[in-house]
Structure formats: C-alpha cells, structure tokens
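In the text below, chain A, chain B and the rest are named by the order of the sequence lines, each starting its count at 1.
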Amino acid sequence: MSNTLLESSNQWIKSDLEDSKRTLQRHKLADRIATVVMSLAALLLVLVLLSVISILLYKGLSTISWKFLTSAGTFTEAGGGIGPQIFVSVYILFLSLLFTTPLGVGAAIYLAEYAKPGRLTTAIRFSTETLASVPSIVFGIFGAIVFLTIMGLGYSVLSGALTLTLLNLPLMVRIAEDAIRAVPNTYREASLALAGTQWETIRKIILPAALPGIITAIVLTGGRIIGETAPLILTTGTTISPNAQYSLNPFQTGETLAVHIWVLKIVGVPGLKDSQAVADGTAAVLLLIVLIVNIGAAYLSQRLQKNQRGAR
Amino acid sequence: MVLKKAIFIQSIFFTAAAILVLASLALMIFVGSQGLHVFSYMNPLEFFTGTTWDQNTETYGVLPLLFGSLATALITLVISAPLAILVALFMVEVASPRVRQLMRTTVELFASLPSVIYGLLGLVIVVPWVRESFHTGLGKGILAASIVLVFMTQPTMVAITEDALRALPKTLREGAWGLGATRWQMIWGVLLPAARPGILTAVILGMGRAIGETMAVQMVVGNITARVPKSFITGATTMPAAIVTQLPEATSPEHRAALIMVGFLLLLITFALIATVRLTTGGAGVRR
Amino acid sequence: MTQLQQNDNLLTKSLPNPELNGDLSPEIEARNFNFYYNYGHFKALNNINLTVPRHKISAFIGSSGCGKSTFLRAINRMHDRTPGTSSEGQLLFEGQDINAITDTTDLRKRVGMIFQQPAPFPLSIFDNVAYGMRLEAQRVPKSEIADRVEQALRAAVLWKEVHDKLDQSGLALSGGQQQRLCIARAIAVEPAVLLMDEPCAALDPIATLKIEDLIRELSQNYTILIVTHNMEQASRVSDFTAFFTIDENRAGTLAEYGPTKQIFTKPRDRRTEDYITGRFG
C-alpha cells in the first residue's frame, strides 16, 4: 500500500518538475526569440541606412565632376551643373548663421548669466520651447506673410535667411546655453573675486571656455539649414535668375540644393534631357555635405568632452 | 558710470532673449489672424466639414487634408512605434557599449538626412514597390508616405524611448533578476510598464513629427486634394503637403487665407500634442 | 613684546571683541550682523560680533553648516550672485559699511579670495597671474605687469617651479601648485585682505603644509581670514580663532573668539571645549 503511495507521489513530483522544466524552457525560448527580434530591428535600421547611402552615392556619384559643381544648369541640354545652387546654398547658410549666431548666443548668455528666476525668465523659456515645436512649414508661412509681403522683401535670399533664423533660434539657444552653463562656476567666482565685472568675466573667461560648444552649435545649426526645404520654397523661391547666378544681392530669388532636387523631381523641368541625372547628382552632393557636417560635429563634441575632462 | 555700462550690456543680451518672446508671439498672431481671415470668405462649417478642396472652384473643405494627415500619422505609428521600442530595447538591454554607440550614430544619421532625400528615396524605392505590390495606380498615396515616415520618425522615438528605459532605476532590473526572470520576462513584465510614460511621450512626439513633415510626404503622397481618399494606395494629401504645393501659386486672397488657416490648424494640433505629453507625463524630459 | 604676549594682552582686555590697541587696528568688523538666505526665510547667521585685526591670521572653525563660509563670502559681497540674500547689522571694512558699497569691484580690489577648489583659469600661468591686473578695475600699466607677475609668483613660493614655463596652461600644475597659483593671482593685485575658504581641503598633506607655511609668510603683509574644518590647521597657523556653532534656531552664531592659544588651551565656552576635544562635530 505505502509502496504505491510513495510511487504515485514520486510520479506526481516528477511530473510537476517536468512541468516547471517545460515552463522554464518556454520562457527561455521566448527570451531567445525576443532577443533575435530586437537584434533584427536594430539590424534593419543599420541596413536601411547603409542601403540609403549606397543607393544615393551609386546613382549620383557618376554625375559629380568639377564641371558639375561649378557650371550653371541648362534648360534643355544635358550636362548642366549645379554651381549656382551651391552658391545660393552657401549664401543662405552664411546669411542665416550671421543672424542666428549673435541672437542665439546673446539670448543664451542672458539666460545663463543674467536671468533671475521669475515670470520673465519663464516666459523666455516657454517661448523658446514653443518655437522649437513649430513645424517648419509654419515658419515658411510666417516668413511668407511677414518678410515676403508685409516687409516687402519678396522671394529673396534675405527672406529665406530671416525665416531660417527664426526656425533655428531655439536650437542655437539650447546648445549655446548648455555650453555656457558647462563652464565651471569656480571660474566665475574667481573672476568676480578679483574685481572683474560680469561682462569682463563673460568676455574673458566664459565665452572662450564655451567656444567649442558654441562652435558645435553653429555646425549643427548649419547642418539643419542645408537640409531645410519647405520654408525656402515659400520665401526664397524655386528659381535662380540666369543673370544673377552668382550675385551677392540678397534680394534675388534663389534655389538651394535641396529645393533644386524637389524642383527637378516634382515640379519638373520639362525638356531638360538629363533632369534625373542632375537630381541624383544633387542628392549625392547634398548627402556628402550632410555626412561631412555630421562627422565634423561629432569630432568637435568629442574634443569638447576631452577638454572639459582635462579642466577638472 | 561702471554701473551704467553694466546695465547697458545686460540690456543688449536681454534684447536678444526678448526677440525670442516677440518672435513666438508674432508667429501665433500673424499666422492665426491671416488664417482666421478665411472665415470672412466662407463659413467655418463649410471649411471644417467640406470634403472637397479645389482651388479652381474656390471650394475649401479641409477634410481631405485632415484625413490624409491623421491617417498617415496613424499608419506610421503602428509600424514605427513597435520598431522604435524594439530598437531602443536592443540598445539598452542587449547591445554591448560599442554596438550601442554604433546604433546611436545610425539613429543620428537618420535624423540628419534632409527631407527631400527621404522623398527622393521614397519616389525611387517605395512608390514603385507599392505600385508593383498592389497593382493599382501610381503607387503614390498614404501608404507610401507612411512607409517613408516610419524611418523619419525613428530618431525621435528611439531617442526618447532609450532615455526613458535608461532612466529606470537599477533596482527594478535587479528585482526581476533576483526572482529568476529571463531578460524578456523582465522587459515585458517590468521595464516596459514602468517606462510607459516615456514611451507614450516618444509616440506622441513621433506622431507630431509625422504630422508636421512636409517635403518627403509631398513627394510621395500624390497631392490629390479634391476628395477624401478612398484607400491608402490612391493619391491623397496632407496638410503640410497641400500648403507647400499650393501656396506659392495661390493668387486669390481666399485661397491664401484658406491655406494659412490649414497651417494654423497644423500649429494648433502640434501644440495640442505637446500639451498632451506634458499633462500625461508631467513633462518627462522632452529635449529633442 | 612677543607675539604671544601681545595676544595675551588681548585676552585680558575684553571678550568676545578683543579690544583695539594701535598694533592691532581692526581691518574687518562685524556688529550684530545677521544674514538671511531665501528672501528672509532662512537665517544663516545670528548676531555675529567680531573684529578681525590687521596683518594677523584669523581662523574660523566649527562644524559644517555653521555659517563660516557664509560669513566669509559676505565680506567680499559674493552673495550678490545669489538671489534672495539679505543682511542686518553692520559689516565693516576699514570702517566702511560693506553692504553700502555700490561698486563692489572697488571692494574686491582690496579684499581677495582663495577658494576650496583650486580654480586656475584655462589660461597660461602668466595670464592667470596677470588676469586681475588686466581688469578695468585695477588698471595696471602694461609695462608693470611682467614684474608684478614675477613678484607675486615669488611671494607665493611658486616662481622657482614655474619661471621657465610661464606659457604653460595653469591647469597642467599639481593641486598644490594650482592653489599657490591662485594665491599668486590674488596677491598680484595687492589686496589688503585675503579671504581663504578651506584652501587646503582639496590638497594632500604635503601640499597643505607648504600652503600653511606660505600663509604664515603672507600674514606679514596681508590680513588673512581662513575658514577651515581642520582644527589642527587652525591651531598651527592662526593668531586668532573664532568658533562658530549652530544656535537653537539653526542659525550660525559665534560661540567664542579669541587668541588661538587661549581657545585651544583654555576655552571659555562649553561648546568650544566640546568641539575641540572632539565630543561632537
């Protein structure tokens, strides 16, 4: 009697153990599948990125040549280039940074060095965050209303640069403010204790120390400017006047590299024989510029971290 | 004397900061007032419930645009959110530090690609694929736009989700390990529920990004504004796409006002999404 | 009269304010001085009365949070940077009310400060020491700067170690050297007073002893106030010691002040005795 009881309870324990073993195996299997799935997701992104870069370079590199980069576009003949578009892109980049940098760094200095907690400071921060969340097309609309029409600047490089200034201001302020705040407080206190004024402290110690961070801010902002399209379509236009191809006149219409791609592919330039090749070449150029800017910014921020660690 | 100079310098910097405030106010005021101007030409009901947007007949019903934007955003989310969560989980829980850095670089590069390049690739790869797979039309439409947007929204969502996961206290993980959980059990049972506010933030902000995206969408969505699209593979439009297509050519004041009103609507929707984020998560670290 | 006898004279004359005689003219005086943080909500210092004599080393000791550093920083108006601070009573420098001064740069020309964390600027050694002299408040003619840099570095006992590498970054020096650089920087502008806020707290023992020697040398030409956590340091280095403690309302107050020898051998206040013998703090 007791034998069978012992046997059956043994069997019961055994099957219980086997059950737990099976559940454990199930969980382990689920874990392994999950790990594979997560890795595949990450792999997907990497592969897509690599394919994207490869496809663009494959399609476009063959079109790029010195002639392509320096000569003007044609209306019908094949073999035209994107020289003027590159010029306009650089011009808008330069003009826009010219406005954005002092405004952004100035506001950042105010926020980091002068502002006292209170409603005014809260309002400034709230405005910065608000501007940061506005879609770029709405900046384009604003630019079209205020710069184009009300201020009468028309479709122009200037209108575009001003619009992009507003668009990039929050980014510049944020990164510059971070860079300025990262300067150790001990420097400020030491300078003040030596009878330095606040402005002297900022000018002689803080800004030089924050410079790498501010330069990173400028580079990152520049990277964004190069890629912006919608606001420029609405404020700078989509054409370059043939007489004003390398003109420094800020009131002329213009077409940046990014806009040019859109014009070739969507708006279309009927009759242009190699419009697709030009579009592909432009895209490859744009991609290369973006990659270089990113590498530059990454290199700068690495140097920045090294310097800061050395300063402790 | 010294004091005067100090005050002068401070006021220069203050002016720079004040310009920020003025600019954001001006944006709201100008876009808002010029947009609302459309209601002097037509009544709001027609605008908000009309299913046809046709500049030739000066009929401006916003539903095709609104539907396009929302449908695109939703389909994008359905694919993009799980993908982003998986990638973020990989980065935080599975990857070695070197691989993690590689993934971060990858995600950042996705973020820095210009919109037109996404659009170009969409035209060259996605649209033909939709065309071949579904054997209808041109291939342009909400589906094509959503596929492109999946990759454009990855940076935002992955970054915020990664932050949310990393912010979870170590004790959470240690507790699960201590109980003998597998990694997936820990992730599914403990981490994801705990990171829900952050993940929600990521999803909502990703949606905002998708709704506000202009060029890439415009290049693959088909730009048919005349009616609410019947399927995801026929030509459609979204709010930003319609604006960038039509505003440069819009000559009649009614047309312009209607388009600006669409822009204002877009702005309000974006602000509503951000307000939702703040309210539901108490502003869980939104920095990107 | 030896130093010790002079100090003993002080002991017998009055408490807690050592009375003044010609040799011990006050540089800094606090009279019923109260200090508040957070718009009056937190009283950090309660009724401080003390006199810091000229060209002597006065140490402020006491456990953390007693307000020693707060008091020190009130002297060169460093609290101006912090919103919500205020004070009552008088804090005098050379007879003038410190809080009534409108242009603090004047004050800071005469009252220098050394911080706990050596903070040389990310500039060359030469430029560090010259920094103060190049400021608008100091207006030192360019031709004099190089000489005064050398003087200051010699006085800080750093010249021999750095004279051949003046263009190197100040950050490349060791901790002790950096602190001596900061001292050189402070004395290059020839202040009357040096405020030192735990100057050796971040340094190793050897560097600390070097700095203590330096402080004793400097006291021949400067009035020195030093806040320190280290009682042995206070007893080694200072001529006068003020012991701060926390009263019932968590405000810092002066328990006792007198010549160092007296404080450490025959403290008058029970709290001082407890602290010194290590019963708390």
Is the shortest side-chain heavy-atom distance between A:L207 and A:R203 below 4.5 Å?
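A:L207 does not reach A:R203 side chain to side chain.
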### Task
Could I get the full list of salt bridge (Lys or Arg N to Asp or Glu O under 4.0 Å) partners for A:R125, not counting sequence neighbours?
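Salt bridge (Lys or Arg N to Asp or Glu O under 4.0 Å) check on A:R125 returns A:E177.
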With a 4.5 angstrom heavy-atom cut-off, could you sort out which part of [X] is near chain A: side chain, backbone, both or neither?
X      : value
B:F271 : side chain
B:Q154 : side chain
B:I125 : side chain
B:L89  : both
B:Y118 : neither
B:L27  : both

- Interface residues of residues 238-246 of chain B facing chain A - heavy atom cut-off under 4.5 Å: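 Counting heavy atoms that sit under 4.5 Å from chain A, the residues of residues 238-246 of chain B involved are B:P240, B:I243, B:V244.
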Only heavy atoms, only distances under 4.5 angstrom. Which residues in residues 208-217 of chain B are near chain A?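 Heavy-atom contacts from residues 208-217 of chain B to chain A are B:G212, B:T214, B:M215.
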- Hey, do the aromatic rings of B:F13 and A:W199 have their centres closer than 6.0 Å?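 Close enough - the centres of the two rings lie under 6.0 Å apart.
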Fill in: Any residue meeting ring-ring contact (aromatic ring centres under 6.0 Å, His included) with B:H37, in chain and number order, not counting sequence neighbours
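Result, ring-ring contact (aromatic ring centres under 6.0 Å, His included) vs B:H37: B:Y41.
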Measuring from atom CG of B:L259 to atom CD of B:Q34, what distance do you get when rounded to the nearest 0.5 angstrom?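 Atom-to-atom, B:L259:CG and B:Q34:CD are 12.5 Å apart.
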